[in-house]
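Before any comments, here is the structure.
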Amino acid sequence: MSKKHHHLIAMDMGIDTHQEPVVYMRNDCHICRAEGFTANSRVTIELRGRQLIATLNVVEQYVLPRNHIGFSKVAAERLGIAYGDSIRVKHGPVLLSLSALRKKIYGNELNEAEIRSIIVDISTHRYSDIEIASFLSACAGHRLSAEEIIFLTRAMVNCGEKLSWQGHEKVFDKHCIGGLPGNRTTPLVVAIVSAAGLIIPKTSSRSITSPAGTADAMETLTRIELGLDEIQKVISHTGACLVWGGAVNLSPVDEVLIRVERALDLDGEGQLIASVLSKKIAAGSTHVLIDIPVGETAKIRTQADAERLAALFTEVGSALGLAVRCVISDGTKPVGSGIGPAEEMRDVLAVLQNKRSAPKDLRQRALFLAAQLLDFARGKGIDEALSLATSLLSSGRAWQQFQHIIDVQGERKELPMAKHQDIQYALQSGIVYDIDNRRLSRLAKLAGAPGEACAGLRLHVNVGNKVEQGQPLFTLFTASLGERDYALSYYRDNFDMFEIGD
């Protein structure tokens, strides 16, 4: 077949395939027949010296004109096509790293070169979502050794940019592994410790499995997609930032992995450690505090599992030149009252402004973590550090610092309000003995969080409270009636997520 016959005319189909590039060819296409392409084949697309690896979908003849090739939105954007461009199509490359992936699927340990080859191929978009999902699943649970986690973390760091902070011997960060609804301590901790003079360039992810991540919550209030130069400017003015890490190419492969993890509702131990520490190292941090909540319905369920995770965090961090301090905290009940991006930010602002209505548990938890960071920095003991953290918050200095960070980041927004609000009431009187964290998070996600920033819920009771029949338990916030009905249907099948007894 002549070179000319390997070319097709480009056409943007306008189909959203999220971040996986997809191309579309007719079932009678001469190239499909000649090359033996079938649905889900991996193909290489070439245009003016640029290449894109994409997944092929085969369509009926009426969908595309003859001699045309269709592009999904992300495929068209990455290759920069215009209608009528002449596109060359050939077989996708042979990925040698897939043999390493198969080795891991069968339970074997990988060396550094094998893990690096997988991560490089993922970061350059050579893997399909199916292959990424296979890698994540093969690594889930306890299937990665400490050495493999070190290799994985290093490979993820090396795939992106890295910030450095000249003149600062110690640069701090804080991360909670999640699993606890409403536990939005990070903005509070950042405000407190940066008001004390610590440097803390906080880059956060969007939610993976929870109703909100720090980035989701902060985006309701301010601009979080800053470039590297902008982040450095914010740090030079305030000593801190609260931004989305995915916008600045720090461990960019992590954003690819998170996207697939979110679809799988999966957050494996080894990948969790590599994800967290790779972003901290890339952000130029030297000292990191890790909060590990433990509870029967939290992400980490037992003290033994928490201690194992803390030991792995410390070992991997040390191997990569990062000082890590882990604290194991109470994960038996939700924190604060708001669950979902906007509702969690309302709690954060109430604590910073020292409002009487501010959730006391969120305030105390943030002060405890801030004290841990201050002691990590200065080594003068937790009591003195806690006294300083409390003073900074109570005096309003932390609130002033938070506003300063927001203003330098460039925007201050009004928190969104949900169109629909529905109060749910206690069906009996008694003591709230337990609230299922996992099912409560699921309820908030079904309401639309974090995709809809206004969605989520607000608790009116927590574990240990006495309630009367007919007393409000929580208010559900949704942007649409469909989401409201979907969430309430789930709640009606799971009334026992609130355990109330005599």
Side-chain angles (χ1 to χ4, degrees), residues 19 97 100 104 110-125 127 132 135-136 138-140 143-165 171-178 186 200-209 213-215 228 231 241 243-262 266-292 309-326:
Q19 293 300 309
S97 69
K104 191 62 196 173
L110 302 182
N111 62 37
E112 184 162 16
E114 289 168 330
I115 288 179
R116 182 172 59 247
S117 69
I118 292 172
I119 294 303
V120 167
D121 282 344
I122 292 175
S123 70
T124 52
H125 307 292
Y127 270 34
I132 296 171
F135 174 67
L136 291 169
C139 296
R143 297 186 185 96
L144 288 179
S145 67
E147 192 171 39
E148 286 178 303
I149 300 170
I150 292 167
F151 297 155
L152 178 60
T153 306
R154 185 181 290 126
M156 291 170 65
V157 171
N158 291 338
C159 281
E161 304 285 349
K162 185 176 179 181
L163 292 171
S164 62
W165 307 100
V171 178
F172 294 86
D173 209 328
K174 171 265 177 192
H175 182 83
C176 176
I177 67 163
T186 294
I200 181 164
K202 181 59 185 170
T203 62
S204 302
S205 296
R206 300 187 189 276
S207 164
I208 302 175
T209 58
T214 294
L228 292 174
I231 290 176
C241 65
V243 302
W244 175 47
V248 288
N249 205 38
L250 301 176
S251 187
V253 72
D254 188 52
E255 293 300 320
V256 179
L257 298 176
I258 284 173
R259 174 175 59 81
V260 179
E261 283 181 307
R262 187 179 294 116
L266 183 69
D267 199 4
E269 173 191 87
Q271 177 56 37
L272 166 67
I273 295 169
S275 172
V276 171
L277 296 187
S278 67
K279 284 180 288 193
K280 306 312 175 193
I281 295 168
S285 299
T286 60
H287 293 67
V288 177
L289 177 72
I290 306 292
D291 178 19
I292 307 176
L309 188 62
L312 279 171
F313 263 116
T314 304
E315 181 179 354
V316 174
S318 177
L320 297 170
L322 190 65
V324 176
R325 175 185 289 194
C326 295

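- With a 4.5 Å cut-off on side-chain heavy atoms, Val276 and Ile177 do not count as touching.
- Between the side chain of Arg262 and the main chain of Ser207, a donor-acceptor pair closer than 3.5 Å is present.
- Atom OG in Ser97 sits 9.5 Å away from atom CD1 in Ile119 (nearest 0.5 Å).
- In this structure, the separation between CG on Leu322 and CG on Asp173 is 9.0 Å, given to the nearest 0.5 Å.
- Proximity of a side-chain donor or acceptor of Ser318 to a complementary backbone N or O of Glu315 within less than 3.5 Å is not detected.
- The shortest non-hydrogen separation linking Val253 to Met156 is CG1-CG, 3.6 Å.
- For the atom pair CD (Glu112) and CD (Glu147), the distance works out to 8.5 Å, reported to the nearest 0.5 Å.
- Taking 4.5 Å as the limit, every side-chain heavy atom of Trp165 sits out of range of all side-chain heavy atoms of Thr286.
- Side-chain atoms of Leu144 and Glu269, non-hydrogen and from C-beta on, never get closer than 4.5 Å to each other.
- Atom CD in Glu255 sits 8.0 Å away from atom OG in Ser275 (nearest 0.5 Å).
- Nearest approach of Leu136 to Leu257, heavy atoms of both residues: CD1-O, 3.7 Å.
- Looking at Lys202 and His175, their side chains come closer than 4.5 Å, going by heavy atoms from C-beta outward.
- How far CG of Leu110 is from SG of Cys139: 7.0 Å, rounded to the nearest 0.5 Å.
- Contact of the Leu277 side chain with the Phe313 side chain is registered, since non-hydrogen atoms from C-beta on lie closer than 4.5 Å.
- Using a 4.5 Å cut-off on side-chain heavy atoms (C-beta onward), Glu261 and Ile258 make contact.
- Using a 4.5 Å cut-off on side-chain heavy atoms (C-beta onward), Thr186 and Cys176 make no contact.
- Taking NE2 of His287 as the reference point, atom CD1 of Ile200 lies at 12.5 Å (rounded to 0.5 Å).
- The backbone N or O of Arg143 lies less than 3.5 Å from a partner atom in the side chain of Lys104, making a donor-acceptor pair.
- Put simply, the side chain of Phe135 does not reach to within 4.5 Å of the side chain of Val260, judged on heavy atoms.
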